[in-house]
Amino acid sequence: MADTYDLVVLGSGPGGYVAAIRAAQLGLKTAIVERELLGGICLNWGCIPTKALLRSSEIYHYMQHAKDYGLVAEKIGADIDAVVKRSRGVAKQLNQGVTHLMKKNKITVVEGVGTLTGKGKLTVEKDGKTTELAAKDIIIATGARARELPFAKADGERIWTYRHAMTPSEMPTRLLVIGSGAIGVEFASFYSDMGAEVTIVEMLDRIVPVEDAEVSDFMTKALTKQGLKILTKAGVEKLDASKAGVKATIKLADGKTETNEYSHVIVAVGIVPNTENIGLEALGVKTTRGHIDTDGSCRTNVAGIWAIGDVTAPPWLAHKASHEGVIAVEAIAGRHPHAMDVRNIPGCTYSRPQIASVGLTEAKAKEAGYEVKVGKFPFIGNGKAIALGEAEGFIKTVFDAKTGELLGAHMIGAEVTELIEGYTVAKQLETTEAELIETVFPHPTLSEMMHESVLSAYGRALHF
């Protein structure tokens, strides 16, 4: 006999476990299936432990520049094993937190590999034992994994995915990072600050290519100034790994090739959805390039089957997955949630400097036919930024010239990942420039630059 629930969630990442909690809050008898660790990749091997690593490298950077703040720090060093140990401890603490939340909300946790076996049916296998589950509704939240290069599989020794890069067996000396999205740039920044010589290879014409072009240009200059080597319009054609290191053959922008030696390589070229072998084909669930197709309420084309997070369409972000989990559950419970508006989903990169953005870039806004007003304000014009010793960066805002609608905001600099939510709320509330101009911002704060950028778009900047 199958154990029967109102809802079964397959996968316990930031989408899955949030969906399960919301379901329990709404009175649904809920089970969640997880094959590895509660919290999924994000909490255990992604978002959270990488931020712990980056915090360590940030502090190490400040220690090396203590004299800039009138301080003395001597015999400065870094212990990569201790840094990794702290990161894993942070992940473990949060995993235990999710475990507590499952118990608190009376959610049944079923450990093992889950497979859809029919309408409303799911089989979970672990250690040769099988558990049968049944539910009117099932949410697929199986996430994604790192995409690997077909000619050079990650071995965990010399060629790494993000997962290997979080628990290195040794500190790289010369590191090649393939791909310059958020994951690639974050690891490049971390290992550079920890002392490695870092090269980034990007196939497109600029790094962090989803960001506004001015942000990409600024990031290129900032990382180059820090000592990183950046190769755009370039691709890795071959990797030869040995016990001593990796030989990489790189095709450059001019069509020429060069071969260089590195101690390690990080492959950060995107993700692959975890949709294989979970029973989608037998049920006829539609996918596009492996990602599950859903409507605005996260329904698939098969009644009773829902999907959220990285297993669905982009952007592939933890906070999108969590919000989708709530949308799906509220729809299941008979409520009428608003569909996700991807234009209001912020994106963050936690490198040094940080990047944060929401909405349309200037180029995308123009492509969409908008007449735009653009404002820009530099960190060097902000008193708090100067006092912090963080005077590099800028904030850029894009408005519809006809209506005053905030179309997008783009930031690069210290702590912008904390600032971006102000513009995200403004977009969600359909705020125009008038409300933002009339808003009082506290002084002295970095957030004042948000105000100044809006003023700049309308020819009213006060401090630059």
Side-chain angles (χ1 to χ4, degrees), residues 47-91 93 165-166 168 170-175 177 182 185-198 200 215 218-230 348-356 377-395 411-422 441-452 463-464:
C47 317
I48 299 301
T50 55
K51 303 311 159 288
L53 294 176
L54 286 159
R55 179 61 170 165
S56 292
S57 65
E58 179 185 38
I59 292 174
Y60 187 46
H61 165 74
Y62 286 132
M63 290 170 66
Q64 292 174 308
H65 293 83
K67 67 178 181 180
D68 295 343
Y69 298 87
L71 305 174
V72 177
E74 299 177 343
K75 296 182 180 179
I76 299 165
D79 181 344
I80 189 65
D81 292 336
V83 168
V84 171
K85 182 179 180 180
R86 176 181 180 272
S87 171
R88 300 316 307 154
V90 169
Q93 180 178 342
M166 274 187 284
E170 60 185 1
M171 177 67 192
T173 53
R174 296 193 71 212
L175 175 66
V177 178
V185 167
E186 286 182 4
F187 277 116
S189 184
F190 168 73
Y191 279 110
S192 176
D193 276 348
M194 294 299 291
E197 180 183 328
V198 179
I200 298 174
V215 170
F218 192 97
M219 179 59 102
T220 298
K221 293 173 183 176
L223 295 182
T224 300
K225 183 179 178 181
Q226 292 173 27
L228 287 80
K229 183 178 180 180
I230 296 174
C348 298
T349 302
Y350 299 82
S351 48
R352 187 176 65 84
Q354 295 180 7
I355 297 173
F377 193 83
F379 271 55
I380 193 63
N382 178 263
K384 179 69 177 293
I386 295 171
L388 291 175
E390 299 286 0
E392 293 187 351
F394 66 84
I395 293 178
M411 311 177 176
I412 183 167
E415 300 306 325
V416 296
T417 56
E418 296 293 340
L419 298 179
I420 193 62
E421 188 57 23
F441 287 72
H443 174 79
T445 62
L446 296 176
S447 68
E448 290 174 278
M449 291 184 288
M450 298 169 65
H451 192 217
E452 290 278 7
H463 291 93
F464 192 79

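The structure displayed is predicted, hence computed values, not measured ones.
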How long is the gap from [atom1] on [X] to [atom2] on [Y], to the nearest 0.5 Å?
X: Ser447; Y: Glu418; atom1: OG; atom2: CD; result: 12.0 Å
X: Gln354; Y: Glu58; atom1: CD; atom2: CD; result: 7.0 Å
X: Met63; Y: His61; atom1: CE; atom2: NE2; result: 12.5 Å
X: Lys51; Y: Ser56; atom1: NZ; atom2: OG; result: 13.0 Å
X: Ile395; Y: Glu448; atom1: CD1; atom2: CD; result: 10.5 Å
X: Ile230; Y: Thr224; atom1: CD1; atom2: OG1; result: 4.0 Å

Can you check whether [X] reaches [Y] side chain to side chain, under 4.5 Å on heavy atoms?
X: Leu71; Y: Tyr62; result: no
X: Pro353; Y: Gln226; result: yes
X: Leu228; Y: Val177; result: no
X: Thr417; Y: Tyr350; result: yes

Restricting to non-hydrogen atoms, name the atom on [X] and the atom on [Y] that form the minimum distance, rounded to 0.1 Å.
X: Leu419; Y: Met450; result: O-CE, 3.5 Å
X: Pro378; Y: Met449; result: O-SD, 4.0 Å
X: Ala66; Y: Ala73; result: CB-CB, 3.9 Å

Ignoring hydrogens and geometry, is there a side-chain-to-backbone donor-acceptor pair from [X] to [Y] under 3.5 Å?
X: Ser57; Y: Met194; value: no
X: Asn382; Y: Ala391; value: no
X: Ser87; Y: Ala52; value: no
X: Tyr191; Y: Ala165; value: yes

Checklist entry - Taking atom CZ of Arg55 as the centre, does the number of heavy atoms from other residues, nucleotides or ligands within less than 6.0 Å exceed 12? => result no
Checklist entry - Are there more than 12 heavy atoms of other residues, nucleotides or ligands under 6.0 Å from atom CD of Gln64? => result yes
Item to check | Partner of Phe394 under ring-ring contact (aromatic ring centres under 6.0 Å, His included), chosen from Phe218, Phe464, Phe379, Phe377 | outcome: Phe218
Item to check | For Glu197, side chain to side chain contact (heavy atoms under 4.5 Å, CB included) partners two or more places apart | outcome: Arg174
Item to check | side-chain contact (heavy atoms from CB on, under 4.5 Å) partner of Ser192, the single match among Val198, Leu223, Ile200 | outcome: Val198
